[in-house]
Amino acid sequence: MRKVLVPGTFDPITSGHLDVIERSAHLFDEVVVGVAASKEKKGRGTLFTLDERVELARQVTAHLDRVTVLPFENLLVDFASALGVSAVVKGLRVTTDFETEFQMAALNYRLQPELETLFVMSSPEHMYVSSSVVREIASLGGRLAGMVPRVVEDALARKYATR
Ligand code: PNS
C-alpha cells in the first residue's frame with residue numbers, strides 16, 4: 001500500500017492543488033491531503049480558518065475515493081510519520097517555487113531522512129495559479145475563471161462580501 005501526503009496551507013485550495021492531488025491519486029494507492037494550521041504564515045493570519053480550509057478541500061476532493069483530508073498543527077515530518085506515508089508530494093509551478101520548495105525539502109530531509117519529497121510539475125494551465133493570486137483577484141472583485149473550483153469561488157465571494 002503506497003500512501004503519500006500532499007501538504008499545504010490551502011488558503012484556499014486551487015485548481016492547481018487539485019490537479020496535483022488528482023495526479024497523486026493516479027500514481028499512489030492512497031493520498032492524504034494535509035492542511036497545515038500555518039497560523040503565522042508570512043507574519044499574517046490566513047484568510048480562511050483551518051476548519052474552513054479543511055472543509056473546502058474535502059468538498060473539492062469528494063469525487064476521489066482514495067483521498068482523505070486531515071488538518072495538522074505539528075511538524076510535517078512528525079505528521080507524515082504518524083500517518084505512515086512513504087513520501088510527500090508537492091507541486092512545482094514557476095521556477096521561483098523551486099528555492100522555497102528546495103529549502104523545505106532539504107530541511108525535512110535533515111529532520112527525517114527516510115521521508116522522500118517528490119515533485120510534480122504543474123500543468124501548463126495552472127502554472128500561474130496560486131492561493132495568493134486567487135485571494136487578490138477575488139478581493140478586487142475579478143473573475144476567477146477556473147482558477148479555483150466553483151465552491152471555492154463562492155466561499156471567496158462570501159468571505160470578501162463580509163469584510
Ligand atoms: O502550500 P504551502 O503553504 O507552501 O505549504 C507549506 C507547508 C504547509 C507544507 C509547510 O509550511 C509545512 O510543512 N508546515 C508544517 C510545519 C513544518 O513542518 N515546518 C517546517 C517545514 S521545513
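Whatever order the structure lists them in is the order used to number ligands and atoms, beginning at 1. Quantities reported herein were computed from a predicted structural model and do not represent experimental measurements.
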N/O donor to acceptor pairs below 3.5 angstrom from side-chain atoms of residues 58-72, sequence neighbours left out:
residue, atom, partner, partner atom, Å
Arg58, NE, Val69, O, 3.3
Arg58, NH2, Val69, O, 2.8
Gln59, NE2, Glu55, OE2, 3.0
Thr61, OG1, Ala57, O, 2.7
Thr61, OG1, Arg58, O, 3.4
His63, ND1, Val60, O, 3.3
His63, NE2, Glu22, OE2, 3.0
Arg66, NH1, Ala25, O, 3.2
Arg66, NH1, Phe28, O, 2.8
Arg66, NH1, Asp29, O, 2.9
Arg66, NH2, Ala25, O, 3.1

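- Within the listing of ligand 1, atoms 8 (C) sit less than 4.0 angstrom from a heavy atom of Ala36.
- For His17, the closest heavy-atom approach to ligand 1 does not fall below 4.0 Å.
- Checked by distance only, ligand 1 and Leu76 come closer than 3.5 Å through their nitrogen or oxygen atoms.
- Only the side chain of Phe72 comes within 4.0 Å of ligand 1, judged by heavy-atom distances.
- The pair Arg150-Asp154 meets the salt-bridge criterion, since a charged nitrogen lies less than 4.0 angstrom from a carboxylate oxygen.
- Distances between N or O atoms of Thr9 and those of ligand 1 include at least one value under 3.5 Å.
- Atom OH of Tyr160 sits in a crowded spot, with more than 12 heavy atoms from other residues, nucleotides or ligands closer than 6.0 Å.
- Contacts with ligand 1 closer than 4.0 Å are made by no heavy atom of Asp11, backbone or side chain.
- Proximity to Asn108 (heavy-atom distance under 4.0 Å) selects the following atoms of ligand 1: 21 (C), 22 (S).
- Looking at Lys90 against ligand 1, only its side chain comes within 4.0 Å, counting heavy atoms.
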For residues 111-120, run the donor-acceptor check on the side chains, cut-off 3.5 Å, and write out each pair with its distance to 0.1 Å, sequence neighbours left out.
residue, atom, partner, partner atom, Å
Gln112, OE1, Ser81, OG, 2.8
Gln112, NE2, Ser81, OG, 3.2

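- The pair Lys159-Glu52 meets the salt-bridge criterion, since a charged nitrogen lies less than 4.0 angstrom from a carboxylate oxygen.
- Of the listed options Gln103, Glu73, Glu101, Met104, Met104 places a heavy atom closest to atom 10 (C) of ligand 1.
- Rounded to the nearest 0.5 angstrom, Leu50 CG and Phe10 CZ are separated by 11.5 Å.
- No hydrogens or angles considered: a donor-acceptor pair under 3.5 Å links the side chains of Asp19 and Ser123.
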